[in-house]
Amino acid sequence: MAIGERIRFFRNLKGMTQKYLGMQVGFPEKTADIRMAQYESGSRTPKADLTNNLANVFGVSTSALTVPDIDSYNGLMHTLFTLEDLYGFRIDKLDDELCIRLDKGMGINYLTMFDMFSAWQEQAKKFKNGEITKEEYDNWRYNYPESVAFNYHKEK
């Protein structure tokens, strides 16, 4: 998710207008909404100092705005939190093991993610059972979603 989308997400979550948020981070009242609209649309990317100011105004970590950043454990956690917000990922325990589940209450997001995860689980199971090689499994993963269409047509 782009930083502009995260800014908009937190702004809406906090019930702020673009003008109000822009003024809170130090933009002049006359241009505050225009400047924030540029960041939210992605036509401008905030520099580190503005990202820090935005995080302070929202009361969140800068990592919550700079998703995805999976090069660190903290970045990975904030990526997972974003997936929770957007797609209904939920942390749970199943048979005493931690797992990520999908929230059935997320409607079309649930159905779409269920289909995608089912396809992934099917390929992972084939690899685990020796039905496909690591190379074939990696080929499926790294060419997704094209590989799904290819396998669908291949099986028919």
Side-chain angles (χ1 to χ4, degrees), residues 1-94 97-124 127 137-153:
M1 172 181 251
I3 191 168
E5 293 175 64
R6 292 303 287 169
I7 293 168
R8 183 174 40 256
F9 174 82
F10 283 111
R11 181 179 59 77
N12 289 330
L13 186 67
K14 301 288 184 175
M16 298 176 180
T17 64
Q18 286 178 330
K19 183 180 255 344
Y20 177 81
L21 176 58
M23 290 169 42
Q24 292 301 300
V25 297
F27 296 139
E29 182 178 359
K30 192 173 185 177
T31 60
D33 54 341
I34 295 167
R35 294 285 301 273
M36 290 314 307
Q38 291 173 333
Y39 291 113
E40 288 186 15
S41 71
S43 63
R44 293 183 76 162
T45 302
K47 291 187 174 16
D49 62 333
L50 178 56
T51 301
N52 290 335
N53 287 344
L54 287 164
N56 287 333
V57 169
F58 292 141
V60 301
S61 164
T62 56
S63 295
L65 293 176
T66 57
V67 170
D69 170 18
I70 59 171
D71 294 333
S72 70
Y73 290 121
N74 286 337
L76 176 60
M77 286 301 292
H78 282 282
T79 300
L80 292 169
F81 298 151
T82 300
L83 295 173
E84 180 179 29
D85 293 338
L86 294 176
Y87 299 106
F89 283 29
R90 300 291 181 256
I91 190 76
D92 205 347
K93 267 196 173 180
L94 182 64
E97 285 192 36
L98 291 175
C99 65
I100 295 176
R101 301 179 76 138
L102 299 173
D103 181 352
K104 291 180 180 177
M106 293 293 287
I108 191 69
N109 280 342
Y110 169 78
L111 296 173
T112 301
M113 295 302 300
F114 183 85
D115 287 346
M116 295 166 72
F117 277 27
S118 294
W120 181 15
Q121 190 272 334
E122 180 182 319
Q123 294 302 312
F127 172 59
Y137 179 60
D138 285 347
N139 187 51
W140 183 88
R141 293 185 311 141
Y142 301 140
N143 289 290
Y144 185 89
E146 290 82 9
S147 58
V148 173
F150 174 76
N151 284 340
Y152 177 77
H153 293 297

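Residue numbers run from 1 in the order of the sequence given.
- Scanning for salt bridge (charged side-chain N to carboxylate O under 4.0 Å, His left out) contacts around D92 gives R101, with sequence neighbours left out.
- Under the side chain to side chain contact (heavy atoms under 4.5 Å, CB included) criterion, M113 pairs with Y87, F89, L102, M116, F117, not counting sequence neighbours.
- Counting only residues at least two apart or in different chains, side-chain hydrogen bond (donor to acceptor under 3.5 Å, both in side chains) contacts with residues 19-32 are absent.
- Results of the side-chain contact (heavy atoms from CB on, under 4.5 Å) test with N12 over K14, M16, R8 single out R8 as the only residue that passes.
- Note: I100 CD1 to L80 CG = 5.0 Å, rounded to the nearest 0.5 Å.
- Between R141 and Y137 the shortest side-chain heavy-atom distance falls below 4.5 Å.
- Smallest separation of non-hydrogen atoms from I7 and P46: CD1-CG, 4.2 Å.
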Exercise for the section: In sequence, state the C-alpha distance, the side-chain angles, and the governing distance for Y110 and D103, and then conclude on side chain to side chain contact (heavy atoms under 4.5 Å, CB included). Expected result: CA-CA 6 Å; Y110 169 78; D103 181 352; 6.0 Å; no

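- Looking at every heavy atom in both residues, Q18 comes nearest to D33 through OE1-O, 3.7 Å.
- Of the possible donor and acceptor atoms, one in the side chain of S43 sits under 3.5 Å from a partner among the backbone N and O of Q38.
- The CZ atom of R44 sits 10.5 Å away from atom CE of M36, with the distance rounded to the nearest 0.5 Å.
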Practice task
Could you walk me through whether F127 and W140 pass side chain to side chain contact (heavy atoms under 4.5 Å, CB included), step by step?
Solution key: CA-CA 11 Å; F127 172 59; W140 183 88; over 6 Å; no

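- R11 contributes atom CZ, which lies 15.0 Å from atom OH of Y39 (distance to the nearest 0.5 angstrom).
- In this structure, CD in E5 is found 7.5 Å from CG in L86, a value given to the nearest 0.5 Å.
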Practice task
Could you check F27 against L50 for side chain to side chain contact (heavy atoms under 4.5 Å, CB included), going step by step and ending with a plain yes or no?
Solution key: CA-CA 10 Å; F27 296 139; L50 178 56; 3.9 Å; yes

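- One distance of note links CD1 of I3 with CG of L54; it measures 7.0 Å at 0.5 Å rounding.
- Among all heavy-atom pairs drawn from L21 and F58, the shortest one is CD2-CZ, 3.5 Å.
- A distance of 11.5 Å separates CE of M77 from OG of S61, quoted to the nearest 0.5 Å.
- A cation-pi contact links R6 to F9, judged by a cut-off of 6.0 Å to the six-membered ring centre and 45° from its axis.
- When every heavy atom of D85 is checked against every heavy atom of M106, the shortest pair comes out as O-CE, 4.4 Å.
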